[in-house]
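Only heavy atoms go into these numbers, but all of them, side chains included; no hydrogens, no water, no symmetry mates.
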Amino acid sequence: MLEQRTQAGIEPGVVSQDNLEYIARRVDGDARQAISLLYHSVRNLQFGDRVELTEAAINDAEPDATRHIVRSRLLSLSRDQRIALECLGENGPSTSGELYVCYRDRVDDPCTKPTVRGWMPKFGGYELVVNKGPSHAPRYRVCEQVLEELDYKPI
């Protein structure tokens, strides 16, 4: 790997403390996001024409890093969770009840409505969905990056 870096014009120790601090600020304390952003920033240097890691290079790597995290989070979902997320992506902002109807119609042996409703905080924590609406009747929508990964157009 060191040989590849030297051939690409990147010297060992290319990541400075300032780079690490900038990445930490960009990801707002999310370690997984920081690792992904660092990885993709350096990787892009290896295969690009830049020889120094700059804030601009880090910013340029952010879409790749975000896509990597979204894919990872989608792969961690169960089949039923993925189907529920796909229903939400296809139908646009929905309550958990509306989501459950779509999900239930797609699977042979559906989980219970409370189980599906319980997935919403997990999806939110994974930054797959956002909650819009009042707390007594939240409406969930799939984040744009997830829609892109699922290959849906925003509704």
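- For Glu98 (side chain) and Thr95 (main-chain N/O), a donor-acceptor pair under 3.5 Å exists by modelled atom type.
- For the residue pair Asn19/Ser16, the side-chain donor-acceptor check at 3.5 Å is satisfied.
- Side-chain contact between Arg32 and Ser72: present, with at least one pair of heavy atoms (C-beta onward) separated by less than 4.5 Å.
- Across all their heavy atoms, Leu128 and Leu77 have their closest contact at CD1-CD1, 4.1 Å.
- The pair Arg67-Glu149 fails the salt-bridge criterion, with no side-chain N (NZ, NE, NH1 or NH2) lying under 4.0 Å from an Asp/Glu carboxylate O.
- The nearest pair of heavy atoms linking Val129 to Met120 is CG2-O, 4.1 Å.
- Checking Tyr39 against Asn44 by side-chain atom types alone, no donor-acceptor pair falls below 3.5 Å.
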Would Asn59 and Tyr22 count as a side-chain hydrogen bond (donor to acceptor under 3.5 Å, both in side chains) here? Give the steps.
CA-CA 10 Å; Asn59 293 341; Tyr22 181 73; 2.7 Å; yes

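- With hydrogens and angles disregarded, no donor-acceptor distance shorter than 3.5 Å links the side chain of Arg141 to the backbone of Val130.
- The cluster map of Ile, Leu, Val, Met, Phe, Trp and Tyr, joined by side-chain heavy atoms under 4.5 Å apart, puts Val142 and Leu74 in the same cluster.
- Scanning both residues, Leu37 and Ile58, for their nearest heavy atoms gives CD1-O, 3.5 Å.
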As a quick check of understanding, evaluate side chain to side chain contact (heavy atoms under 4.5 Å, CB included) for Ser76 and Tyr126, giving each step before the final call.
CA-CA 10 Å; Ser76 74; Tyr126 277 6; 3.4 Å; yes

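- Side chains of Trp119 and Ser96 form no contact here, defined as non-hydrogen atoms less than 4.5 Å apart.
- Environment of CG in Asp105: crowded, with over 12 heavy atoms of neighbouring residues, nucleotides or ligands closer than 6.0 Å.
- Residue pairs meeting the salt bridge (charged side-chain N to carboxylate O under 4.0 Å, His left out) criterion with at least one member in residues 115-138, sequence neighbours excluded, are Arg73-Glu127.
- If you chain together hydrophobic residues whose side chains sit under 4.5 Å apart, Val27 and Ile69 never meet in one group.
- Residues Val70 and Glu148 are not in side-chain contact: their nearest non-hydrogen atoms beyond the backbone lie 4.5 Å or more apart.
- Between Phe123 and Val146 the shortest side-chain heavy-atom distance does not fall below 4.5 Å.
- For the residue pair Gln145 and Thr66, the shortest heavy atom distance occurs at CG-CG2, 3.9 Å.
- The shortest heavy-atom contact between Pro110 and Tyr100 is CB-OH, 4.2 Å.
- Pairs passing the ring-ring contact (aromatic ring centres under 6.0 Å, His included) check and including a residue from residues 128-150, sequence neighbours excluded, do not occur.
- For the pair Cys143 and Leu147, the minimum side-chain heavy-atom distance is 4.5 Å or more.
- Listed for the Thr115 side chain is no donor-acceptor partner under 3.5 Å among the backbone atoms of Lys113.
- Gln33 places no side-chain N or O within 3.5 Å of a backbone atom of Asp30 that could act as its donor or acceptor partner.
- Here the side chains of Cys87 and Arg106 are in contact, with some heavy-atom distance below 4.5 Å.
- Pairs of residues two or more places apart, or lying in two chains, that qualify as salt bridge (charged side-chain N to carboxylate O under 4.0 Å, His left out) and include a residue from residues 16-27 are Arg26-Glu62.
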